[in-house]
Amino acid sequence: QVQLVEFGGGLVQPGGSLRLSCVASGHNFSSFSMAWFRQAPGKERTFVAGITRSGTDTYYADSVKGRFTISRDNAKNTVYLQMNNLKLEDAAVYYCAAVDGTVVIITPRTYPHWGQGTQVTVSS
């Protein structure tokens, strides 16, 4: 089992930046591929970014490419999401998720481990 806790959400103006962190405990973090998802009110939970367990490969939703960067530090059991040039449509609850294996999957139901989420609000 692995427990995930997200940090770093908050209120930011359009064009601003935030850095989310997700700290894992309870299992071998480096055996998990990690991903960030987000869910806005009344909408489905959608894939934002993912990273393989070694950190070698990263994947992004088209809507965030060039603005968001996912990274991980296996020594700190932490995965990060650097979000730059935030837009109004980026506002959502952001969730960290983990799946045991080498592949990053964009389907939420594939992930057995989730954090509690952190709110990102983008407003002028």
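Reckoned from all heavy atoms, side chains included, excluding hydrogens, waters and symmetry mates.
In the displayed structure, Glu44 atom CD is contacted under 6.0 Å by at most 12 heavy atoms of other residues, nucleotides or ligands. Applying the 6.0 Å contact sphere to CG of Leu88 captures more than 12 heavy atoms from other residues, nucleotides or ligands.
Taking 4.5 Å as the limit, every side-chain heavy atom of Val5 sits out of range of all side-chain heavy atoms of Gln3. Using a 4.5 Å heavy-atom threshold, the side chains of Leu81 and Arg38 count as separate. Ser17 has its side chain out of reach of Val12: every pair of non-hydrogen atoms, C-beta onward, lies at least 4.5 Å apart.
Minimum interatomic distance between Val48 and Phe68 (heavy atoms only, all atoms of both residues): CG1-CD2, 3.7 Å. The two residues Phe37 and Pro108 have their closest heavy-atom pair at CE2-CG, 3.6 Å. Residue Thr78 comes nearest to Ser21 through the heavy atom pair CG2-CB, 4.2 Å, listed as atom of the first residue, atom of the second, then distance. Shown here for Ser33 and Gly101, the closest heavy-atom pair between the two residues is OG-O, 2.8 Å. Of all the heavy atoms in Val2 and His113, the pair that sits closest is CG1-CG, 3.1 Å. Taking all atoms of both residues into account, the shortest heavy-atom contact from Leu4 to Ala24 is CD2-CB, 3.6 Å.
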Criterion side chain to side chain contact (heavy atoms under 4.5 Å, CB included) on Glu6 and Trp36, from CA distance to verdict: CA-CA 10 Å; Glu6 300 98 335; Trp36 288 94; 3.8 Å; yes
Side chain to side chain contact (heavy atoms under 4.5 Å, CB included) between Thr69 and Tyr80, intermediate numbers included: CA-CA 8 Å; Thr69 303; Tyr80 305 97; over 6 Å; no
Check against side chain to side chain contact (heavy atoms under 4.5 Å, CB included), Arg53 and Arg72: CA-CA 9 Å; Arg53 57 189 185 183; Arg72 67 189 294 163; 4.1 Å; yes
Step-by-step side chain to side chain contact (heavy atoms under 4.5 Å, CB included) determination, Tyr111 to Arg45: CA-CA 12 Å; Tyr111 289 79; Arg45 190 169 299 188; over 6 Å; no
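Between atom CE of residue Met34 and atom CZ of residue Phe29 there is a gap of 4.5 Å, rounded to the nearest 0.5 Å. In this structure, CD1 in Ile70 is found 6.5 Å from OH in Tyr60, a value given to the nearest 0.5 Å. Once rounded to the nearest 0.5 Å, the distance linking CG of Asp73 with OG of Ser30 reads 11.5 Å. Residue Gln13 holds its CD atom at 8.0 Å from CG of Leu11, rounded to the nearest 0.5 Å.
Val23 and Val79 fall into different hydrophobic clusters, where Ile, Leu, Val, Met, Phe, Trp and Tyr residues are linked whenever their side-chain heavy atoms come under 4.5 Å apart, directly or through other members. Clustering ILVMFWY residues whenever any of their side-chain heavy atoms sit less than 4.5 angstrom apart, transitively, puts Val93 in the very cluster that holds Trp114. When the side chains of ILVMFWY residues are joined at heavy-atom separations under 4.5 Å, either directly or via intervening members, Val122 and Tyr95 end up in two distinct hydrophobic clusters. Under the 4.5 Å side-chain heavy-atom criterion for Ile, Leu, Val, Met, Phe, Trp and Tyr, Tyr94 and Phe47 are members of distinct hydrophobic clusters. Linking ILVMFWY residues whenever their side-chain heavy atoms come closer than 4.5 Å, directly or via other members, places Val64 and Val120 in the same cluster.
For Lys87 and Asp90, the salt-bridge test fails: no basic side-chain N is under 4.0 Å from an acidic carboxylate O.
Between the Thr52 side chain and the Asp57 main chain, a donor and an acceptor come within less than 3.5 Å of each other.
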